[in-house]
K.L.:
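The structure's right below; bear with me while I get my questions together.
Order of listing sets the numbers, starting from 1, for every ligand and every atom in it.
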Amino acid sequence: MGAGSTPRGISASTQRDRRIAFPPGDRISSGDETLPRNPRKMRLTRYFLPVLKETPAEAQIVSHRLMLRAGLIKQAAAGIYSWLPLGYKVLRRIEQIVHEEQARAGHLAMLMPTIQSADLWRESGRYDAYGEEMLRIKDRGGRDMLFTPTAEELITDIFRANVSSYKDLPLTMYQIQWKFRDEIRPRFGVMRGREFLMKDGYNFDLTREDALHAYNRHLVSYLRTYERMGLQAIPMRADSGPIGGDDTHEFLVLAETGESEVFYDSQITDLKFGDREVDYDSVEQCQAVLEEFTSRYARTDETHDEAKFADVPEERRRVARGIEVGQIFYFGTKYSDALGATVQTKDGEKVPVHMGSHGIGVSRLLGAIIEASHDDKGIIWPEGVTPFHCGIVNLKQGDDEADTACEALYKALTAAGLDPLYDDRNERAGGKFATMDLIGLPWRITVGPRGLKNGVVELTSRRTGESEEMPPEAAVARIVEIYAAHRG
Ligand code: 5CA
């Protein structure tokens with residue numbers, strides 16, 4: 001497996017003003033501020049990085065092995081993980097990108113509880129339909145509760161209690177919240193967990209056409225989101241499962257270890273979203289992106305059609321495996337009918353709202369990114385999600401000149417808004433390099449007395465392994481420049 005490619009609650013009316021809130025070229029944020037920094041903790045001697053020398057026997061796929069070995073996660077129970085500091089940092093960076101791209105599309109962030117009452121789920125009929133995957137809990141009063149596997153019912157309840165007019169539409173709200181699905185076979189670490197972090201978004205629209213625009217807008221927004229994480233996620237026609245509806249696309253990252261079998265026209269992998277500006281309010285622009293990215297054959301095994309696949313020129317037919325990192329659904333009035341979520345039209349008629357839901361597997365993404373971007377030495381984080389922007393390796397801890405140069409580099413990088421990790425341990429160079437390679441920071445600055453005599457440090461790319469000597473200020477400038485290209 002090779003390395004992967006480098007590369008608003010106000011009111012509904014403010015949703016329409018989204019271009020005013022985010023003018024083209026506006027820099028939102030880099031995700032650097034997701035966790036407050038404590039400079040002392042960014043020294044390896046003060047950090048908590050329990051790396052494992054041995055390959056854990058229980059891990060069957062490379063991402064799971066590397067997540068355990070690099071001290072990102074620790075299993076707490078089957079399919080349930082603690083996120084250790086380094087893993088939690090990456091998780092927060094991924095969340096930050098999701099939030100920024102949702103804001104860009106005009107969607108409102110909110111938060112719903114993980115524990116819900118069974119009553120709403122009885123109204124929709126899903127309390128029984130969901131089956132064994134739903135973790136059911138009784139509170140002390142004997143009331144049926146559950147740990148939410150998804151939130152269509154709760155959001156529809158919020159909607160029906162507060163919205164009654166077409167004037168408040170369109171509306172899209174989302175959350176990033178923990179979900180629980182009591183999977184029969186939790187496996188591959190965070191890839192198929194029982195507890196997992198999901199971004200789930202829900203659109204409410206007056207008409208089918210408006211809801212399809214919301215669907216298309218999500219597709220565009222997701223393409224951009226995954227690319228910022230250094231991933232190519234291909235939208236593929238899929239099956240809607242327990243969520244329901246006819247229109248659904250899954251986003252798949254190609255990987256040998258993926259759980260889904262996929263069939264596609266190889267031309268689709270040439271498509272890049274890039275830095276194009278799309279007006280998320282424009283029906284035509286969103287539709288055009290959807291057509292561009294979905295007109296070639298790309299399906300999961302659930303919807304695969306041999307006859308249609310045969311129309312793809314043979315040399316372009318691909319059968320592979322993929323990791324599902326997201327899914328978008330349009331299910332019309334399934335939940336609004338069941339729960340009575342209606343609005344009054346201009347003519348005073350009461351109609352059920354058209355809805356869809358849209359999910360991103362936030363915690364699964366760590367596994368997917370590692371599957372797509374690693375080598376035999378360890379993880380290679382794409383710049384967009386790396387836990388630290390670069391590592392500083394001191395070859396001779398205790399040497400005045402080397403220590404002073406490392407401190408100065410550290411200060412210069414943090415002053416430029418970057419987040420470096422300084423390996424200040426009293427260890428052999430080989431051990432320090434091995435740790436940096438394992439945890440996968442994309443850039444490393446190596447500082448040693450010999451180089452310093454010539455006024456240089458060494459800047460090394462984790463991806464290519466290439467090193468270049470340059471004065472410390474030049475190394476800082478280069479890293480600043482690299483990350484400037486990765487800001488939202
Ligand atoms: N309500 C809809 C969209 S919000 C929904 O639940 N969709 S979903 O079932 O497709 O889940 C959304 C995403 O969550 C999936 O694409 C997948 O990336 C992730 N996901 C689903 N199950 C798991 C799991 N057991 N472990 C890790 N991630 C998961």
K.L.:
Under 4.0 Å from a heavy atom of M198: give me the atoms of ligand 1 that qualify, with their elements.
P.N.:
6 (O), 11 (O), 12 (C), 14 (O)
K.L.:
As an exercise, identify every atom of ligand 1 less than 4.0 angstrom from a heavy atom of E152.
P.N.:
1 (N), 2 (C)
K.L.:
Answer yes or no on whether R122 is positioned over the face of Y127, meaning its NZ or CZ is under 6.0 Å from the six-membered ring centre and within 45° of the axis.
P.N.:
yes
K.L.:
Please state whether V190 comes within less than 4.0 angstrom of ligand 1, counting heavy atoms only.
P.N.:
yes
K.L.:
Please assess N203 against H358 for the test side-chain hydrogen bond (donor to acceptor under 3.5 Å, both in side chains), listing each intermediate value before the final yes or no.
P.N.:
CA-CA 8 Å; N203 68 285; H358 314 277; 2.9 Å; yes
K.L.:
Which residue, R317, H304, R316, forms the side chain to side chain donor-acceptor pair (under 3.5 Å) with Y297?
P.N.:
H304
K.L.:
Can you confirm whether the side chains of S221 and E101 place a donor and an acceptor under 3.5 Å from each other?
P.N.:
no
K.L.:
Looking at D200, which atoms of ligand 1 are within less than 4.0 Å of one of its heavy atoms?
P.N.:
4 (S)
K.L.:
For a quick test of your reading: what N or O donor-acceptor pairs under 3.5 Å do the side chains of residues 153-163 make, sequence neighbours left out?
P.N.:
from: E153; atom 1: OE1; to: R126; atom 2: NH2; distance (Å): 2.8
from: E153; atom 1: OE2; to: S124; atom 2: OG; distance (Å): 2.6
from: E153; atom 1: OE2; to: R126; atom 2: NE; distance (Å): 2.8
from: E153; atom 1: OE2; to: R126; atom 2: NH2; distance (Å): 3.4
from: T156; atom 1: OG1; to: E152; atom 2: O; distance (Å): 2.5
from: D157; atom 1: OD1; to: R160; atom 2: NE; distance (Å): 2.9
from: D157; atom 1: OD1; to: R160; atom 2: NH2; distance (Å): 2.8
from: R160; atom 1: NH1; to: E123; atom 2: OE1; distance (Å): 2.9
from: R160; atom 1: NH1; to: L339; atom 2: O; distance (Å): 2.7
from: R160; atom 1: NH2; to: E123; atom 2: OE2; distance (Å): 3.2
from: N162; atom 1: ND2; to: I158; atom 2: O; distance (Å): 2.7

K.L.:
Measure the distances from the heavy atoms of M191 to every atom of ligand 1 and state whether one is below 4.0 angstrom.
P.N.:
yes
K.L.:
In terms of atom number and element, which parts of ligand 1 are under 4.0 angstrom from non-hydrogen atoms of G326?
P.N.:
16 (O), 18 (O)
K.L.:
Mind checking whether I360 has an N or O less than 3.5 Å away from an N or O of ligand 1?
P.N.:
no
K.L.:
In ligand 1, which numbered atoms sit nearer than 4.0 Å to a non-hydrogen atom of R192?
P.N.:
26 (N)
K.L.:
Give the single entry among E324, H358, E183, Q327 that approaches atom 16 (O) of ligand 1 most closely by any heavy atom.
P.N.:
E324
K.L.:
Take every heavy atom of S363, measure it against each atom of ligand 1, and state whether any distance is under 4.0 Å.
P.N.:
no
K.L.:
For the residue pair F331 and F329, categorise the inter-ring angle as parallel (less than 30°), tilted (30 to 60°) or perpendicular (more than 60°).
P.N.:
tilted
K.L.:
With a 4.0 Å cut-off on heavy atoms, does F251 reach ligand 1?
P.N.:
no
K.L.:
Should you measure from each heavy atom of V325, which atoms of ligand 1 turn up under 4.0 Å away?
P.N.:
16 (O), 18 (O)
K.L.:
For ligand 1 and R181, I'd like to know whether there is a polar contact (N/O to N/O, distance under 3.5 Å).
P.N.:
yes
K.L.:
Verify whether one side chain among T269 and Q232 offers a donor that lies under 3.5 Å from an acceptor in the other.
P.N.:
no
K.L.:
Please list, chain by chain and in numerical order, all residues satisfying salt bridge (Lys or Arg N to Asp or Glu O under 4.0 Å) with D305, sequence neighbours excluded.
P.N.:
K308
K.L.:
Distance only, no hydrogens: is a donor on one side chain within 3.5 Å (strictly under) of an acceptor on the other, for R217 and H107?
P.N.:
yes
